[in-house]
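Below, each value reflects all heavy atoms present in this structure, side chains not excepted, and no hydrogens, waters or symmetry copies.
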Amino acid sequence: MPALPLVGRHALVTGASRGIGAAIARTLAQQGATLTLLGRSAAPLQALAEELGPAHGVATADVADAEQVQAAASVARAARGPIRILVNNAGQAESAPFAKTGAELWQRMLAVNLTGCFVCTQAALPDMRAARGGRIVNIASTAAQRGYAYVSAYVAAKHGVLGLTRSLALELA
């Protein structure tokens with residue numbers, strides 16, 4: 001049987017309750033990682049954690065809320081050890097023509113898609129620095145590289161995720 005490369009690594013996966021986040025969580029678990037599944041709704045996260053096995057757990061938080069994320073990271077750290085892998089997958093896409101995109105929609109898209117990456121990275125980074133290594137994976141979509149009509153707030157946020165990722169790669173390498 002081949003070695004599992006992520007044994008002993010605690011991975012925090014945001015937006016893990018469904019879709020891409022759940023698929024990422026399943027893959028990390030198959031590779032031996034111990035997971036904390038993070039999202040706003042406990043029930044679907046708990047169902048996935050039960051599917052994956054008893055080593056994995058759940059933390060609830062809105063990724064755009066720094067206090068909630070710090071509290072969730074503390075709970076995760078206490079239960080499963082230092083965070084060595086962070087997957088910033090939580091995201092939301094709402095569409096509206098630019099002329100009908102109000103400040104509330106704009107702020108919501110930036111908060112979930114960009115500020116969430118910032119807040120979660122700040123919560124996990126101290127563990128990675130203490131270990132002198134770790135991995136941060138930011139999910140951005142093709143919207144990080146090009147524009148799309150009717151989703152200007154989402155596209156702006158995903159462009160920001162790409163810029164943040166590039167900056168962190170240079171600063172933390």
Checklist entry - What's the verdict on side-chain contact (heavy atoms from CB on, under 4.5 Å) for Y154 and S95, showing C-alpha distance, side-chain angles and the deciding distance? => result CA-CA 8 Å; Y154 174 78; S95 63; over 6 Å; no

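The backbone N or O of C120 lies less than 3.5 Å from no partner atom in the side chain of N88, so there is not a single donor-acceptor pair. The main-chain N or O of L37 is never found under 3.5 Å from a side-chain atom of H56 such that the two would form a donor-acceptor pair. Under the 3.5 Å distance criterion, the side-chain polar atoms of S41 are left unmatched by any main-chain donor or acceptor of A43. Panel note: side chain T14, backbone A90; a donor-acceptor pair is recorded below 3.5 Å.
For the atom pair CE (M128) and CZ (R84), the distance works out to 8.5 Å, reported to the nearest 0.5 Å. Note: L28 CG to L12 CG = 11.0 Å, rounded to the nearest 0.5 Å. We find the CH2-CD distance between W106 and E94 to be 13.5 Å, quoted to the nearest 0.5 Å. Between the CG atom in L164 and the CD atom in E171 there is a gap of 9.5 Å [rounded to 0.5 Å]. Taking CG of N138 as the reference point, atom CG of L86 lies at 7.0 Å (rounded to 0.5 Å). Note: I136 CD1 to T121 OG1 = 4.5 Å, rounded to the nearest 0.5 Å.
The local environment of CG in L110 is crowded, with over 12 non-hydrogen atoms from other residues, nucleotides or ligands closer than 6.0 Å. The local environment of CZ in R80 is crowded, with over 12 non-hydrogen atoms from other residues, nucleotides or ligands closer than 6.0 Å.
Shortest non-hydrogen contact noted between S17 and L45 is N-CD2, 3.5 Å. Between K158 and A144, the closest heavy-atom pair is O-CB, 3.2 Å. The minimum heavy-atom distance linking A55 with T34 is given by the pair O-CG2, 3.1 Å. The two residues N113 and G91 come nearest to each other via the heavy atoms OD1-CA, 3.2 Å. Smallest separation of non-hydrogen atoms from R40 and D62: CG-CA, 3.9 Å.
With contacts defined as side-chain heavy-atom distances shorter than 4.5 Å, the pair H10/I85 does not qualify. A heavy-atom distance below 4.5 Å is found between the side chains of Y148 and T142. Looking at heavy atoms from C-beta onward, L172 lies in side-chain contact with L125 at the 4.5 angstrom threshold. With contacts defined as side-chain heavy-atom distances shorter than 4.5 Å, the pair V137/I139 qualifies.
At a threshold of 4.5 Å between side-chain heavy atoms, the hydrophobic network of Ile, Leu, Val, Met, Phe, Trp and Tyr places L48 and V13 in one connected group. In the hydrophobic clustering of this structure, V155 does not group with V161; members are Ile, Leu, Val, Met, Phe, Trp, Tyr whose side-chain heavy atoms approach within less than 4.5 Å, directly or through other members. Linking ILVMFWY residues whenever their side-chain heavy atoms come closer than 4.5 Å, directly or via other members, places L52 and V58 in the same cluster. Linking ILVMFWY residues whenever their side-chain heavy atoms come closer than 4.5 Å, directly or via other members, leaves V87 and L38 in distinct clusters.
Using a cut-off of 4.0 Å between Lys/Arg side-chain N and Asp/Glu carboxylate O, D127 and R77 are scored as salt-bridged.
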